[in-house]
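This structure is a prediction, so every number in the text was calculated from the model and none was measured. In what follows, chains carry the letters A, B, and so on, assigned in the order in which the sequence lines appear, proteins first and then strands, with residues in each chain numbered from 1.
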There are 2 protein chains.
Amino acid sequence: MDTGSILKLDNQLCFAIYACAREFTKLYHPLLKELGLTYTQYITLLVLWEEDRITVKHLGTRLYLDSGTLTPLLKKLEAMGLVTRERDRQDERSVIIALTEQGILLKEKALDIPEQLICQAGVSPTEAAGLHAQMTELLKKVQAQQQVT
Amino acid sequence: MDTGSILKLDNQLCFAIYACAREFTKLYHPLLKELGLTYTQYITLLVLWEEDRITVKHLGTRLYLDSGTLTPLLKKLEAMGLVTRERDRQDERSVIIALTEQGILLKEKALDIPEQLICQAGVSPTEAAGLHAQMTELLKKVQAQQQVT
DNA sequence: CCCATTTAGATTGCATACAATTAAATTTAT
DNA sequence: ATAAATTTAATTGTATGCAATCTAAATGGG
């Protein structure tokens, strides 16, 4: 890559990732609309369907999101009747998020989504798995650099 | 991958991409702050440094963004004195974005950024190139699916 | 025990993103 | 030519994201 092309948009890995993330989110949109969820609400529930009754802090660690994003989002999910928010008795600083009956039931409707999505994107399972491994590794690397400087 | 793990967050390619995009943007933040730019403003200028005097439509095609995002962003860049916005005389529907003298000069300060970023992320050039090619291919595929359904 | 430090959430302010709609200009079909 | 369809931006409304700050609670060293 010559010096003149360093700043070219189409040579930038970060941009490809950034644009891809948004295009993927748009692909999710019609599927999630049927469940009445946004993408961020959906991934929040993905975590809760794996491990229920967790703190906002832990949710943030899993999702790479902070309380500035999560607090309003969780209040929304609470208003929708999908989760409850309650202070931890053991540590009053923490807030514990738990699924409601309705939140648990919604999982059934969501089971088809990953399959449908991958099919729509037209990626082979092998390709998806390889890319997933690489992206996860890159994610760890980039995150590890956040506090170094 | 068994049935039970389909909905697991850490098995989702889209989430890895989405989280990676955000972590990358955070890594850019201190570097771009010195230029007084946000990431989206930065990539908009990347396009203009490649091809000046283009329409909002073309900018949107390059960046995968629509006028809902670009119009306020371009007004901001205009207020910062980096670009001008004027209707196309040949086609009054279009608005042509052009760099100002100041906008052109900013390119010099931005030249180091891609290098610094890649170094910070700790990715080898080979690895970055391979991943970039795969992500670009995936981006095209996902985008191509947007109007199919 | 007590004060300084740390930690967890909430809040504020700013900047995206994007769906949906609107308005104006251009193109197309008849 | 002219009405209908299409195209381009702008606007509106909703939902993130995140830096920076604030508050309350817990922790830890002296």
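The six-membered or imidazole ring of B/F24 lies away from that of B/Y39, with a centre-to-centre distance of 6.0 Å or more.
In this structure, the CG atom of B/L77 is 11 Å from the P atom of C/dA15, given to the nearest Å. Atom pair B/H29:NE2 and C/dC14:P shows a separation of 14 Å (rounding to whole Å applied). Rounded to a whole Å, the CG atom of A/L63 is 12 Å from the P atom of D/dT16. We find that CD1 of A/I43 is positioned 13 Å from C1' of D/dA15, with the value rounded to whole Å. Between the CD1 atom of B/I97 and the C1' atom of D/dT8 there is a distance of 12 Å, given to the nearest Å. For the pair A/L59 CG and C/dA10 C1', the interatomic distance rounds to 15 Å; values are reported in whole Å.
Applying a 4.0 Å cut-off to non-hydrogen atoms, the residues of residues 84-94 of chain B that approach DNA chain C are B/Q90, B/D91, B/E92, B/R93, listed by residue number.
Taking side-chain N and O atoms only, B/K57 has no distance below 4.0 Å to OP1 or OP2 of C/dA25. Within the structure, a side-chain polar atom (N or O) of A/T40 is placed less than 4.0 Å from OP1 or OP2 of D/dG17. Regarding contacts with the backbone of D/dG17, a side-chain N or O of B/Y18 is found under 4.0 angstrom from either OP1 or OP2. Taking only side-chain nitrogens and oxygens, B/K75 comes nearer than 4.0 Å to OP1 or OP2 of D/dT11.
The residues A/E34 and A/K109 are annotated as not salt-bridged, no charged nitrogen and carboxylate oxygen being separated by less than 4.0 angstrom.
Contacts of A/T38 with the nucleic acid, taken as non-hydrogen atoms under 4.0 Å apart, involve only primed sugar atoms and P, OP1 or OP2. When heavy atoms are screened at a 4.0 angstrom cut-off, A/L73 is found touching the sugar-phosphate backbone but no base atom. A/T55 comes within 4.0 angstrom of the backbone, heavy atoms only, and of no base. The residue B/T69 sits close to a base: some heavy atom pair falls under 4.0 Å. Among the protein residues, B/L65 comes within range of the sugar-phosphate backbone only, with heavy atoms under 4.0 Å from sugar or phosphate atoms but none that close to a base.
The number of heavy-atom neighbours closer than 6.0 Å to NZ of A/K26, taken from other residues, nucleotides and ligands shown, is above 12. For NZ of B/K141, the number of neighbouring non-hydrogen atoms (other residues, nucleotides, ligands) closer than 6.0 Å is greater than 12. A 6.0 Å sphere centred on CD of B/E51 holds more than 12 heavy atoms belonging to other residues, nucleotides or ligands.
Interface remark: the B/S67 side chain does form a donor-acceptor pair with the D/dA10 base, using a distance-only criterion of under 3.5 Å.
Residues B/G103 and B/W49 approach most closely at O-NE1, 3.0 Å, considering heavy atoms.
Of the residues near DNA chain C, A/K26 and A/L70, the one whose nearest nucleotide (by heavy atom distance) lies more toward the 5' end is A/L70.
Remark: side-chain polar atoms of B/Q146 are paired, donor with acceptor, to backbone N or O of A/E23 under 3.5 angstrom.
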